[in-house]
Each structure stands twice: as structure tokens, then as C-alpha cells.
Engineer: 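Let me give you the structure first, and then I'll get to my questions.
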Amino acid sequence: MLLPHQLELLAPAKTAEIGREAILHGADAVYIGGPGFGARHNAANSVADIAGLVEFAHRYHARIFVTLNTILHDSELEPARQQIIELYNAGVDALIVQDMGVLALDIPPIQLHASTQCDIRTPEKAAFLADAGFSQVVLARELGLGKVKQISDYMGDRATIEYFIHGALCVAFSGQCNISHAHTGRSANRGDCSQACRLPYTLTDQNGRVVAFDKHLLSMKDNDQTNNLEALIDAGVRSFKIEGRYKDMQYVKNITAHYRLLLDKIMAERSEFAPASSGRTELFFRPNVDKSFHRGHTDYFATGRKEDIGAFDSPKYVGVPLGTVTKVTDKYFELEVADQNDAMSNGDGLNFMKKREVIGVQANTVEAANKAAGIWRVFPNEMMSELVGLKAGTPIHRNRDHAWEQALTKKSAERKIGAWLSLNETSSGLALTMTDADGCTATAQVELALEVAQNADKAWSTLSDNLAKLGNTMFYAEDVALNLSQPWFAPASVINALRREAVERLEAARSAAWVRPERKAELNPPPVYPEDTLSFLGNVYNAKAREFYAKHGVKLIAAAYEAHEEAGEVPLMVTKHCLRFSFNLCPKQAKGVIGVKGQIRAEPMTLSSGSESYRLEFDCKPCEMHVVGKMKSHILKSPPPTTANAQTITFYKSKPDGYGH
């Protein structure tokens with residue numbers, strides 16, 4: 001658990017290499033997928049690679065969490081247990097878990113964090129998980145600041161509160177979406193979502209009238225809590241999580257650096273808070289959240305319900321507005337950039353809208369046609385005749401700033417820890433002691449016949465300068481103290497060797513000083529779960545999970561949807577997003593409007609895409625929408641998914657759309 005004054009920036013990593021860069025760019029912790037059982041099917045890493053990342057992270061006293069957050073079939077419990085043992089032996093600091101069956105396994109005392117898939121929306125559930133042995137809980141993305149504060153006050157110091165601050169948004173409450181499994185056999189709860197939420201849909205009302213046609217009605221804009229960080233801190237959040245275990249290196253560098261700067265600014269103004277890891281990050285580029293993939297920005301429900309949280313027009317990244325087309329020829333087009341300081345580069349990625357379709361344009365070469373007026377000439381990779389709809393007056397967006405991205409392919413940050421160096425005389429020579437900002441210390445000695453320097457002033461400055469040359473090490477010199485009786489002469493080679501040895505010993509001392517937090521003990525007697533029944537939305541998929549809930553007072557436990565026991569219509573998706581509200585059809589919006597009499601009921605609506613059709617039901621008391629449907633018969637009749645039979649459903653997989661989250 002974090003201390004109450006510590007703030008943790010938690011970054012994603014698809015690979016160990018990306019994880020290292022996340023730490024260098026300011027992450028206090030990194031979460032990454034292990035060899036299996038992670039909720040991002042295509043973001044797995046070997047235990048050996050993770051062990052290397054752990055060793056690197058612990059040098060900065062940063063933490064590494066591994067996602068083991070799918071629901072597990074009974075046949076997978078032992079393989080999962082063996083994987084946990086390997087991860088513990090590799091030095092991993094914590095596991096991010098969804099399946100409560102893990103808590104009933106005989107595993108090492110590794111710290112456990114409750115995944116977003118646990119659907120934590122109430123103070124009672126958050127407190128239960130804390131009392132059951134979880135050290136950190138990530139709250140549902142849909143919670144507003146007031147609810148977060150309520151949960152924090154209720155829990156006290158029982159567990160660290162984690163909250164998503166950036167990245168793609170699942171439209172459903174995490175762990176409450178089965179639409180993918182119902183129609184493709186690909187379970188979101190098992191890390192293989194087919195992303196039905198990014199498809200185009202048509203919405204009709206109870207009378208069959210079209211409300212919206214062929215729009216991406218379940219596709220949300222991307223989460224961005226840039227403006228709410230301090231309010232989240234005051235609400236009790238201590239771990240600030242960036243979504244994106246499918247994201248590339250440039251994305252992680254950029255977004256991590258962006259939030260590092262923001263948190264550092266807050267801590268500079270509020271001395272009661274401190275970072276959760278060590279070191280100072282220096283950036284060699286200017287972070288810009290608009291230049292990384294996003295579908296538009298929203299703070300979702302953090303500051304209340306809003307009408308513009310959806311990315312209805314397109315789930316693609318259109319980038320930022322660049323300018324307007326002024327001229328079109330058969331070989332090139334010209335555009336006037338809105339900001340004359342916004343230079344273009346060969347290789348820039350551009351796009352424009354043709355009706356509802358985003359048309360991409362790759363700039364092969366660009367040249368300044370009129371620099372003073374901000375006019376650029378673009379020679380695209382595509383034939384001009386293929387760019388139907390491109391004409392004078394067309395707005396152009398840029399979704400790939402080639403020059404900016406190139407800067408991120410190089411060394412774009414470094415992270416160093418302050419150290420104080422002290423050179424002292426010994427009976428046989430010199431000793432160099434290094435002490436870092438965390439209080440770790442190390443001493444290196446050299447036997448040397450000391451000779452008085454001929455030039456005293458030069459000797460003092462030479463010794464001080466040579467000792468301060470920490471170069472490519474992880475340290476920088478805060479101060480160099482020469483505790484000598486007189487200015488001795490020492491060859492530069494000797495001082496350099498002494499400094500290198502001291503650095504090596506201090507690095508080893510830092511690693512030795514890191515104490516991995518152990519698993520939090522469950523309360524005794526065991527805490528009682530807030531409810532005594534669990535529907536299929538409880539995601540109980542194995543005997544150990546059933547055993548866990550029974551131990552904690554749950555009397556009626558339904559099997560997870562993946563068990564193929566729900567043949568009829570059920571809520572395939574439970575979401576805070578409401579299409580009635582988005583199109584001003586919510587009874588609460590109509591209340592008090594002139595001409596509206598009586599109570600307006602939120603009648604069901606229909607959502608359709610191709611041959612698929614769903615009934616939308618609206619639960620107005622908690623302000624939720626349910627997408628109702630049933631499992632396809634061939635999925636229902638197939639064996640419940642396990643690692644062993646996963647290949648039996650692969651032929652239902654659709655082509656990845658490149659917009660995974």
C-alpha cells in the first residue's frame with residue numbers, strides 16, 4: 001500500500017521495453033501482462049522479460065504489477081497458480097486480479113490489487129475487497145468526484161484508491177459486458193473482446209422511428225482527467241492510472257510524460273505530497289496529448305453527466321485541426337494552416353471527412369508555398385484523382401506529426417537520482433562515500449600514496465569536477481564535499497575508478513534496500529460480502545471463486561456468462577452511457593419543459609447493426625442503460641472457453657480494426 005502522502009503515476013506497458021521507457025519518462029509504477037490470463041489477449045510477456053523490468057524498476061524504487069485479471073476456468077487454476085509462483089520469484093510487486101478464486105489458491109504472499117473488472121462502484125464493495133486482502137482497488141471509470149470521495153472516506157486507510165486518468169473507455173462498466181462473448185465466443189472477461197462497441201449502429205424508438213442512423217453509438221471519446229488531477233487527489237485518489245497495454249512506445253512516452261509534469265507541478269505547490277518512487281525526470285520533447293491516438297477527449301462522469309461523451313461519428317483517430325484546403329490540382333493540394341508556427345513535414349498523416357467517412361492522406365512531400373501566409377503545398381502518396389471530396393474549403397486534420405514522432409523514436413527522457421559525494425582521507429589512501437536522496441549509502445576505497453599538489457587551487461577544482469562526472473549513470477551530483485587536510489594530488493584515472501566503484505556499490509545498495517510489500521492479510525473473522533446473491537454478472541467461473549463467495553456470506557451464486565447457462569435474453573452490457581440522454585429524450589431532461597405534462601416513461605429502444613439487434617432498457621434510478629440480447633445458439637452449444645479449447649472459437653474472430661484498447 002502507498003503511504004497517504006504518496007502519489008503514484010501508474011503507466012501501461014505492452015512490452016518490457018516500453019515499461020522501461022515508462023519509468024524513464026516518470027512512471028512510479030508499471031502494469032504489464034504476464035505469459036497468460038491477462039485481460040489484453042495480445043499483450044503477453046515472458047517471466048524472464050518481466051524479471052528484467054522488475055530489476056530495472058527497483059533501482060528507482062518503482063513498482064511492477066502484473067495483470068492476471070481474467071476469469072479462470074477450473075482447469076486453469078493450477079496453471080495460474082504456477083504462473084503466480086514464477087512471477088513472485090521474479091520479484092513482481094503485485095498482481096492485478098479479477099477472479100476471486102485466486103484468493104483461495106495456495107500462492108506466495110504477493111500483494112493483490114483489485115482490477116477494474118471487479119466493478120467497484122460502492123463504498124461497501126471497496127471496503128469488502130480491502131478487508132478481504134486487497135491492498136489497492138481501482139474504482140469504476142464512471143464514478144464522479146463526489147462518489148470517489150465518499151468511497152475514500154468510508155475506506156479510510158484500508159487500501160489505496162486507484163483511478164483511471166487517461167485512455168480509451170469501454171462503454172460498459174468493466175466486468176459487466178458480455179456482448180462480445182454472446183455473438184463471437186470471444187470473452188471480454190477473458191481478455192479477448194471483439195469490440196462490438198466500436199461498430200456503427202442505428203437507433204430506433206419504441207414506434208420504429210429512426211433516432212440515429214449508422215453511427216458509432218456505443219463508442220466513447222477517450223478519458224482525459226488533465227484538468228481534474230488536483231480534485232482527484234483531494235477526493236482520495238493516490239494511484240493515477242493510464243490505460244493502454246496495447247499502445248505503442250510513443251504513446252506511453254508522451255502520455256506518461258504529460259502527467260508526470262502535471263503531478264510534479266501539483267507537488268511543487270503542495271509539499272504535503274511526494275512521488276511514490278525516486279528520481280527526477282528530464283524530458284527532451286514537449287508532451288502533447290493531442291498528438292497521440294485518441295477519439296476526442298472527455299472527463300467522462302468525473303464532473304457530472306454530459307451529452308458529448310460519445311465518439312459517434314468515427315472510432316478512428318482524426319488528430320488535431322491543421323488547416324483548410326485553398327487549392328487543388330492534379331498533382332498536389334495547398335492548405336492554409338491555422339497556426340503559422342505549425343510547420344509541416346514529409347510523412348505527415350492527414351485526413352478529411354467525406355460525409356461520415358474519414359479519408360486518410362499520406363503527405364509524401366511538403367513544401368512551404370507561402371511561408372508568410374502559412375500556405376503549404378502537399379504532394380500526397382495517393383493519386384489526387386483518388387481523393388474524391390477534397391476541394392477548396394475542406395478542413396484538414398493531422399493525425400501523424402512526423403517530425404514530432406521522430407523525436408520520440410530517439411532518447412526522449414532520462415531519470416536520475418540526486419546523490420551527495422564525500423571524499424575522505426584514510427590511513428592508506430582515499431575513500432569516496434555516496435549517499436542518495438533515499439538515504440542509501442555506499443563507500444569505495446583506494447590505496448594511494450598521497451602527494452601534496454603543486455597547484456592547490458587546481459587540485460581542489462580537478463578533484464571536485466572529476467567526482468561530479470556521473471555521466472550516463474542513474475545519479476547526478478547534488479554536492480561534492482572534499483574532506484581533506486590539504487589538497488592532495490590524485491591521478492584522474494584513480495579518481496574515475498573510485499567514482500565508478502562507488503556508483504556500482506550505491507546501485508547495489510539501492511536494490512538491496514527495496515523491500516517488496518507482502519500480501520495484506522484478510523480480516524478475521526472474514527468480512528461479509530455486501531450482497532447475499534450473485535447473478536451471472538458476478539463472473540464466477542470456477543469452484544474456488546464459488547468457495548470464496550460462500551465463505552464470505554453469499555448464498556446464491558450463479559455461474560458466469562461464459563459457463564453457457566444463460567440461454568435467454570439478459571443484459572449483455574450494463575452502462576452509464578445513456579442514448580436517451582445523448583439525444584435529449586431522457587425523462588429527467590423533459591421534466592419541467594413547457595408543454596410536457598405528467599411522468600414520461602423511458603420506454604425501450606432498439607439498437608441494430610447489420611443482422612444484430614438489441615433491446616435497450618433504461619433503469620432511471622441509478623441512471624443506467626442495459627443492452628439486452630441473447631447468446632447465439634452455436635456459442636451456447638459450444639464448450640465453455642478454457643485455454644485448452646480456445647482454438648475452437650478462433651474462426652469466429654473478426655479482423656482487428658487497429659483501435660484496440
Side-chain angles (χ1 to χ4, degrees), residues 1-3 6 8 10 28-39 47 50 54 57 62-72 76-120 125-140 151 155-164 174-175 189 191 238-239 241 245 276 515-524 526-527 529 538-542 544-549 551-552:
M1 269 173 63
L2 295 174
L3 297 174
Q6 291 179 313
E8 174 181 82
L10 176 55
D28 299 299
V30 166
Y31 65 105
I32 188 170
F37 311 116
V47 173
I50 292 173
V54 166
R63 300 193 292 170
I64 300 300
F65 311 149
V66 170
T67 56
L68 199 142
N69 57 340
T70 59
I71 58 172
L72 304 168
E76 296 167 329
L77 290 173
E78 181 57 23
R81 191 182 78 88
Q82 292 298 329
Q83 182 174 304
I84 292 170
I85 293 171
E86 291 181 22
L87 292 168
Y88 180 79
N89 291 337
V92 168
D93 296 291
L95 298 177
I96 300 174
V97 173
Q98 173 188 8
D99 195 319
M100 295 299 125
V102 171
L103 282 77
L105 296 176
D106 179 17
I107 59 174
I110 191 167
Q111 195 173 94
L112 299 178
H113 295 180
S115 168
T116 182
Q117 298 293 115
C118 293
D119 186 32
I120 305 168
K125 187 167 184 180
F128 167 79
L129 291 168
D131 293 342
F134 286 96
S135 300
Q136 195 153 310
V137 295
V138 58
L139 303 184
I151 291 173
M155 284 218 306
D157 60 359
R158 284 186 274 187
T160 296
I161 290 181
E162 183 181 314
Y163 189 89
F164 277 96
S174 293
N189 283 315
R238 292 297 177 265
S239 181
K241 188 172 193 174
R245 282 199 298 115
V515 178
R516 176 170 55 181
E518 291 194 347
R519 178 178 171 181
K520 180 182 171 185
E522 181 182 64
L523 289 186
N524 189 19
Y529 191 72
N539 297 323
V540 177
Y541 197 46
N542 59 71
K544 287 293 185 183
R546 186 176 293 274
E547 175 187 318
F548 171 88
Y549 283 111
K551 173 186 172 183
H552 294 89

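This structure is a prediction, so every number in the text was calculated from the model and none was measured.
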Engineer: Nearest 0.5 Å please: distance from the CD1 atom of Ile96 over to the CG atom of Asn69.
Structural biologist: 6.5 Å
Engineer: Considering residues at least two apart in sequence or located in another chain, which fulfil the ring pair (Phe, Tyr, Trp, His ring centres under 6.0 Å) criterion with Tyr529?
Structural biologist: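 Scan of Tyr529 (ring pair (Phe, Tyr, Trp, His ring centres under 6.0 Å), adjacent residues dropped) gives Phe128, Tyr549.
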Engineer: Minimum heavy-atom separation for Val540 to Ala545, with atom names?
Structural biologist: CG1-CB, 3.9 Å
Engineer: Taking C-beta and beyond as the side chain, do Pro108 and Ile85 meet within less than 4.5 Å on heavy atoms?
Structural biologist: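 Yes, their side chains come closer than 4.5 Å.
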Engineer: I'd like to know if the side chain of Asn542 and the backbone of Gly101 have a donor-acceptor N/O pair within less than 3.5 Å.
Structural biologist: no
Engineer: Which pairs with one or both residues in residues 81-96 pass salt bridge (Lys or Arg N to Asp or Glu O under 4.0 Å), sequence neighbours excluded?
Structural biologist: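 Counting only pairs at least two positions apart or across chains, the salt bridge (Lys or Arg N to Asp or Glu O under 4.0 Å) contacts touching residues 81-96 are Glu78-Arg81.
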Engineer: Rounded to the nearest 0.5 Å, what separation is found between the OG atom of Ser115 and the CG atom of Leu95?
Structural biologist: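 Nearest 0.5 Å value for the OG-CG distance: 11.5 Å.
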Engineer: Restricting to salt bridge (charged side-chain N to carboxylate O under 4.0 Å, His left out), what partner residues turn up for Lys125, sequence neighbours left out?
Structural biologist: none
Engineer: Please enumerate all residues that pass side chain to side chain donor-acceptor pair (under 3.5 Å) together with Arg546, with sequence neighbours excluded.
Structural biologist: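 With neighbours one apart ignored, the set is empty.
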Engineer: Could you pull out all residues at least two apart from Ala57 that satisfy side-chain contact (heavy atoms from CB on, under 4.5 Å)?
Structural biologist: Ile23, Ala62, Ile64
Engineer: Mind checking whether Val66 and Ile32 have side chains closer than 4.5 Å, heavy atoms only?
Structural biologist: yes
Engineer: Side chain of Thr70, backbone of Gly191: donor and acceptor closer than 3.5 Å?
Structural biologist: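 No, the answer is negative, given that no donor and acceptor are paired below the 3.5 Å cut-off.
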Engineer: List the residues meeting side chain to side chain donor-acceptor pair (under 3.5 Å) with Glu162, not counting sequence neighbours, and say none if there are none.
Structural biologist: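 By the side chain to side chain donor-acceptor pair (under 3.5 Å) rule, Glu162 matches Gln136, Lys241.
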Engineer: Is there a side-chain contact (heavy atoms from CB on, under 4.5 Å) between Arg519 and Leu103 once you walk through the steps?
Structural biologist: CA-CA 11 Å; Arg519 178 178 171 181; Leu103 282 77; 3.9 Å; yes
Engineer: List for me each residue that meets side-chain contact (heavy atoms from CB on, under 4.5 Å) alongside Gln83, sequence neighbours excluded, and say none if there are none.
Structural biologist: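 side-chain contact (heavy atoms from CB on, under 4.5 Å) list for Gln83, sorted by chain: Pro35, Phe37, Leu68, Leu87.
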Engineer: State which residues pass side chain to side chain donor-acceptor pair (under 3.5 Å) with Ser174; sequence neighbours excluded, sorted by chain then number.
Structural biologist: Thr116, Arg141
Engineer: Taking the side chain as everything from C-beta on, heavy atoms only, tell me whether Gln117 gets closer than 4.5 Å to Asn189.
Structural biologist: yes
Engineer: Is the shortest heavy-atom distance from the side chain of Val54 to the side chain of Val92 under 4.5 Å?
Structural biologist: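 Answer yes - side chains close enough.
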Engineer: Would you please test Tyr541 and Gln98 for side-chain contact (heavy atoms from CB on, under 4.5 Å) and show each step?
Structural biologist: CA-CA 11 Å; Tyr541 197 46; Gln98 173 188 8; over 6 Å; no
Engineer: Could I get the full list of salt bridge (charged side-chain N to carboxylate O under 4.0 Å, His left out) partners for Arg238, not counting sequence neighbours?
Structural biologist: none
Engineer: For Ala114, enumerate each residue passing the side-chain contact (heavy atoms from CB on, under 4.5 Å) test, keeping only those at least two apart in sequence or located in another chain.
Structural biologist: Cys118, Ile120, Leu129, Phe134, Val137
Engineer: Might you point out which heavy atoms bring Ile50 and Gly33 nearest each other, and give the distance in Å?
Structural biologist: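 Of all heavy-atom pairs spanning Ile50 and Gly33, the closest is CD1-O, 3.6 Å.
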Engineer: Quick one: side-chain contact (heavy atoms from CB on, under 4.5 Å) partners of Ala94, sequence neighbours excluded?
Structural biologist: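 With sequence neighbours excluded, Ala94 shows a side-chain contact (heavy atoms from CB on, under 4.5 Å) to Phe65, Gln111, His113, given in chain and number order.
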Engineer: Considering non-hydrogen atoms only, spot the tightest contact between Leu2 and Thr160 and give its length.
Structural biologist: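 Taking Leu2 first and Thr160 second, the nearest heavy atoms are N-OG1, 3.1 Å.
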Engineer: Looking only at non-hydrogen atoms, find the nearest pair between Ala276 and Asp28 and report the distance.
Structural biologist: N-OD1, 3.7 Å
Engineer: If you compare all heavy atoms of Glu76 against all heavy atoms of Ile71, which two are closest, and at what distance to 0.1 Å?
Structural biologist: OE1-O, 4.2 Å
Engineer: What's the shortest heavy-atom distance between Lys544 and Leu77, and which atoms?
Structural biologist: CG-CD1, 3.6 Å
Engineer: Could you note down all residue pairs passing salt bridge (Lys or Arg N to Asp or Glu O under 4.0 Å) where residues 101-119 supplies at least one of them, sequence neighbours left out?
Structural biologist: Asp119-Arg121
Engineer: Start with the C-alpha distance between Val102 and Ile84, add both sets of side-chain angles, then the distance that settles side-chain contact (heavy atoms from CB on, under 4.5 Å), and finish with yes or no.
Structural biologist: CA-CA 10 Å; Val102 171; Ile84 292 170; 4.0 Å; yes
Engineer: So does Pro527 get a backbone contact from the side chain of Asp131, meaning a donor-acceptor N/O pair under 3.5 Å?
Structural biologist: no
